[in-house]
S.K.: 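Have a look at this one.
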Amino acid sequence: MAIQKPSIPKGTRDFSPEIMAKRNFIFDTIKSVFKLYGFQAIETPAMENLSTLLGKYGEEGDKLLFKVLNSGDFLSDVSETELSERNLTKLSTQICEKGLRYDLTVPFARYVVQHRNDIQFPFKRYQIQPVWRADRPQKGRYREFYQCDVDVIGSNSLLNEVELVQIISDVFSKLGLNTITKLNNRKILSGIAEIIGQKDKIVDITVAIDKLDKIGLEAVNKELSEKGLPENAIEQLQPIINLSGNNYQKLDQLSQVLSQSEVGMKGISEMRTIFDYLSAIELNTEVELDLTLARGLNYYTGAIFEVKAKDYAIGSICGGGRYDDLTGIFGLKDVSGVGVSFGADRIFDVLSGLEQFPSSAQATTDLLFVNFGAKEEAYIMPILQKLRKAGINTELFPESDKMKKQMTYADKKSIPFVAIVGENEMTQGTISLKNMISGEQNTMNLEELIVFFKENKK
RNA sequence: GUGAGUGUAGCUCAGUUUGGUUAGAGCAUCGGAUUGUGGUUCCGAGGGUCGUGGGUUCAAGUCCCAUCAUUCACCCCA
């Protein structure tokens, strides 16, 4: 076989040690906050039955699912006529019964239904795993990426929404990022559509309004009319598009427009409650009511969240919302859930772009012992054990290579200290410790060395 | 699904406009100066199907066509 140039699939990435240290810093930070609020970890398989995934993300989503070909003779149940028809959608369900998960929310819903008798509700879970989308990759968009989901299921309380905003605030505060958290409510959007008599056009309306900043009022109105909205409906929308003021002022304006819509008023009152709670606590993220937030309308029923980094343009870095009946499709009715998902890969890109990673995100070996040969190795082994017991990350170079090579290893691996124990040190019972940053070198015994690191580490 | 850009050393790229000897640079790697001292310096070495296939030509990294890969943007989304 010819030698092939190795490569990885489009939109996927290798993570080298330096990158992993930084990624783990993000994951650890997020996890620690999740735990702080009483959430517990679960994991679900990379593959789900295709039937679990299909139809949950809209037509567009179905197209972006990675499907897994059946094992064995996957064509055994396909007739020649079906093959020649080339109905790909139908064929794919015949030859694939599994697919890679597209997000963590739908597998979670499936999990909740399947384990409903073992779960103590309200169930607060977090889940940090990769998901896959057969999208065209581009900046900040990958085919394999990690989501960090945190959801509460089995509780209607708006306290959960408030808590999620706090979690968002805590996470990004710990990561040192300035953010803006945008809130919307599906009920308000429904109310708007109801008032202007265009119930089935909610998505079109919000998508169009969303472009206001980008393309301007005129173009938005043009797009609305292209989507089939009558003139008078567009007319009625104007005060909503031009909504201004602080969050409460926006809600006041909305309640005038939506006074005749029960669902719309419900949404407004929900948002008031949330803002009231939020105003009582300190937050590190700016919270803003934004009616143009249209994400996940396929299943969100109440609050909708989206977080953007203020100092770096990369799309949203966190998003989510409330879904009243996500488990309904799997046969468990009236279980409401609300959650958000942190996009770890985008957060990574933001932190990299802003050079915001702390030095603690580069932790490696603390101390490398130079290897001079078999005699020294035997002498050092018990020392290594004691150092490790004392919590010092220590390694002994495994070959008695040239010192230059061993020093270069320490240098490239950013190991801050090198211990030199050769014949001289062995007879004197000392260790020569070289500081790789300053270059200075000191002689000490083992106890002094341990004390030195314990003091230096903090 | 639509549109644009880019493919030359492990990496970042020059060379393509105007075809012409043996395809270059920086970084990285390896060796030496320096057999108990890395990062700085100096000397040297290895490393190329010029993405792939075809065409034009006396001659193609360079021009033409096709194809593949990859990046960016749109739609949508973390």
Side-chain angles (χ1 to χ4, degrees), chain A residues 2-13 16 26 30 57-65 88 101-105 128-149 203-204 206-208 210-211 214-215 223 293-298 305-309 313-321 339-350 368-373 376 397 400-426 432-441 443:
Chain A
I3 294 171
Q4 54 180 22
K5 216 178 181 179
S7 64
I8 54 174
K10 197 197 301 203
T12 65
R13 295 149 301 157
S16 301
I26 295 174
I30 291 174
Y57 311 105
E59 208 179 312
E60 198 73 27
D62 284 354
K63 271 192 228 158
L64 299 181
L65 281 173
L88 298 183
R101 74 166 96 81
Y102 179 90
D103 71 358
L104 299 178
T105 309
I128 298 179
Q129 289 190 275
V131 303
W132 294 269
R133 295 184 187 177
D135 213 348
R136 281 263 183 107
Q138 53 185 277
K139 193 181 180 190
R141 178 180 295 187
Y142 308 100
R143 288 184 144 182
E144 178 185 61
F145 62 97
Y146 275 72
Q147 289 193 328
C148 311
D149 271 34
V203 176
D204 287 336
T206 47
V207 166
D210 184 33
K211 294 179 183 159
K214 252 190 205 167
I215 61 177
E223 181 164 331
L293 226 192
R295 70 173 38 261
L297 281 178
N298 284 316
F305 304 89
E306 178 171 281
V307 183
K308 287 190 165 181
I314 195 166
S316 67
I317 51 178
C318 176
V340 294
S341 177
F342 290 80
D345 300 83
R346 283 196 179 170
I347 293 172
F348 180 93
D349 289 348
V350 173
L368 172 81
F369 275 80
V370 173
N371 189 327
F372 285 110
E376 287 82 355
F397 198 83
S400 61
D401 272 329
K402 279 185 197 147
M403 196 136 173
K404 180 188 167 86
K405 174 146 191 188
Q406 302 193 40
M407 295 299 266
T408 305
Y409 173 84
D411 188 50
K412 286 287 153 64
K413 213 173 157 181
S414 305
I415 297 175
F417 292 96
V418 169
I420 298 163
V421 179
E423 222 164 295
N424 299 342
E425 286 83 358
M426 284 200 295
S432 292
L433 183 70
K434 175 166 175 139
N435 181 326
M436 291 297 278
I437 296 153
S438 67
E440 72 184 298
Q441 196 164 316
T443 306

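Atom set for the values below is all heavy atoms of this structure, side chains included, hydrogens, waters and symmetry mates excluded. Throughout, protein chains are lettered first and strands after them, A, B, ... in sequence-line order, and every chain is numbered starting at 1.
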S.K.: Please work out if A:D103 contacts a base, only the sugar-phosphate, or nothing of the nucleic acid, heavy-atom cut-off 4.0 Å.
M.R.: nothing
S.K.: Nearest 0.5 Å, please: how far is CG in A:L433 from CZ in A:F417?
M.R.: 6.0 Å
S.K.: Can you tell me the pairing partner of B:rC13 across any strand shown, Watson-Crick or G-U wobble, with both distances under 3.5 angstrom?
M.R.: B:rG24
S.K.: Can you tell which of B:rU71, B:rA78, B:rG36 lies closest to the side chain of A:Y142?
M.R.: B:rA78
S.K.: Which atom names give the shortest non-hydrogen contact between A:I415 and A:L368, and what distance separates them?
M.R.: CG2-N, 3.8 Å
S.K.: Under 4.0 angstrom, heavy atoms only, what part of the nucleic acid is A:G61 near: base, sugar-phosphate, or nothing?
M.R.: nothing
S.K.: If you look at every strand shown and take non-hydrogen atoms under 4.0 Å, does A:K405 touch a base, only sugar-phosphate, or nothing?
M.R.: nothing
S.K.: Measuring to OP1 and OP2 of B:rU29, would you say a side-chain N or O of A:K412 lies under 4.0 angstrom away?
M.R.: yes
S.K.: Any side-chain heavy-atom pair from A:L64 and A:Y57 closer than 4.5 angstrom?
M.R.: no
S.K.: For B:rC72, take OP1 and OP2 only and decide whether either is under 4.0 Å from a side-chain N or O of A:Q138.
M.R.: no
S.K.: Will you find, in the side chains of A:E144 and A:T12, an N or O donor that is under 3.5 Å from an N or O acceptor?
M.R.: no
S.K.: Measuring only the C1' atom in each nucleotide, how far is B:rU21 from B:rC68? A whole number of Å is fine.
M.R.: 33 Å
S.K.: If you look at every strand shown and take non-hydrogen atoms under 4.0 Å, does A:Y146 touch a base, only sugar-phosphate, or nothing?
M.R.: nothing
S.K.: Any base atoms under 4.0 Å from A:K402, or only sugar-phosphate, or nothing? Heavy atoms, all strands.
M.R.: sugar-phosphate
S.K.: Students often get this wrong, so: under 4.0 angstrom with heavy atoms, is A:S341 touching a base, only sugar-phosphate, or nothing?
M.R.: nothing
S.K.: Taking donor-acceptor contacts at under 3.5 Å, does the side chain of A:K434 reach the base of B:rG38?
M.R.: yes
S.K.: In terms of side-chain heavy atoms of A:I420, which of B:rG38, B:rU37, B:rA78 is nearest?
M.R.: B:rU37
S.K.: Have a look at A:Q147 and say if it touches a base, only the backbone sugar-phosphate, or nothing, with a 4.0 Å heavy-atom cut-off.
M.R.: sugar-phosphate
S.K.: When we call it a touch if two heavy atoms are under 4.0 Å apart, what does A:I437 touch: a base, just sugar-phosphate, or nothing?
M.R.: base
S.K.: State which of B:rG36, B:rG31, B:rA73 makes the closest approach to the side chain of A:R136.
M.R.: B:rA73
S.K.: A:Y142 ring centre to A:R13 NZ or CZ under 6.0 Å, with the angle to the axis within 45°?
M.R.: yes
S.K.: Please give the nucleotide sitting opposite B:rA66 as a Watson-Crick or G-U wobble pair, both distances under 3.5 Å, or none.
M.R.: B:rU52
S.K.: Answer with yes or no after comparing the ring centroid distance for A:F369 and A:F397 against a 6.0 Å cut-off, counting only values under it.
M.R.: no
S.K.: Tell which nucleotide pairs with B:rU35, taking only Watson-Crick or G-U wobble pairs whose two distances are both under 3.5 angstrom.
M.R.: none
S.K.: Ignoring hydrogens and geometry beyond distance, is the side chain of A:R346 in donor-acceptor contact with the base of B:rC77 at under 3.5 Å?
M.R.: yes
S.K.: For A:K63, which contact category applies under a 4.0 Å heavy-atom criterion: base, sugar-phosphate, or nothing?
M.R.: nothing
S.K.: In whole Å, what is the span from the CG atom of A:L65 to the C1' atom of B:rC76?
M.R.: 14 Å
S.K.: Just to be sure I understand the rule, does A:E376 reach a base, reach only the sugar-phosphate, or reach nothing, if contact means heavy atoms closer than 4.0 Å?
M.R.: nothing
S.K.: The side chain of A:E425 is closest to which nucleotide in this list: B:rC76, B:rG36, B:rG38?
M.R.: B:rG36
S.K.: Without decimals, in angstroms, what is the distance between A:I30 CD1 and B:rA78 C1'?
M.R.: 11 Å
S.K.: In the strands shown, is B:rU29 matched to any nucleotide by a Watson-Crick or G-U wobble pair with both distances under 3.5 Å, and which?
M.R.: B:rA45
S.K.: Give none if B:rA4 has no partner; otherwise give the nucleotide forming a Watson-Crick or G-U wobble pair with it, both distances under 3.5 Å.
M.R.: B:rU71
S.K.: Under 5.5 Å centre to centre and under 30° between planes: does that hold for A:F145 and the six-membered base ring of B:rA78?
M.R.: yes
S.K.: Within the modelled atom types, does a donor on one side and an acceptor on the other bring the side chain of A:Q406 and the base of B:rU37 under 3.5 Å apart?
M.R.: no
S.K.: What about A:D411, does its side chain sit under 3.5 Å from the base of B:rG39 through a donor-acceptor pair?
M.R.: no
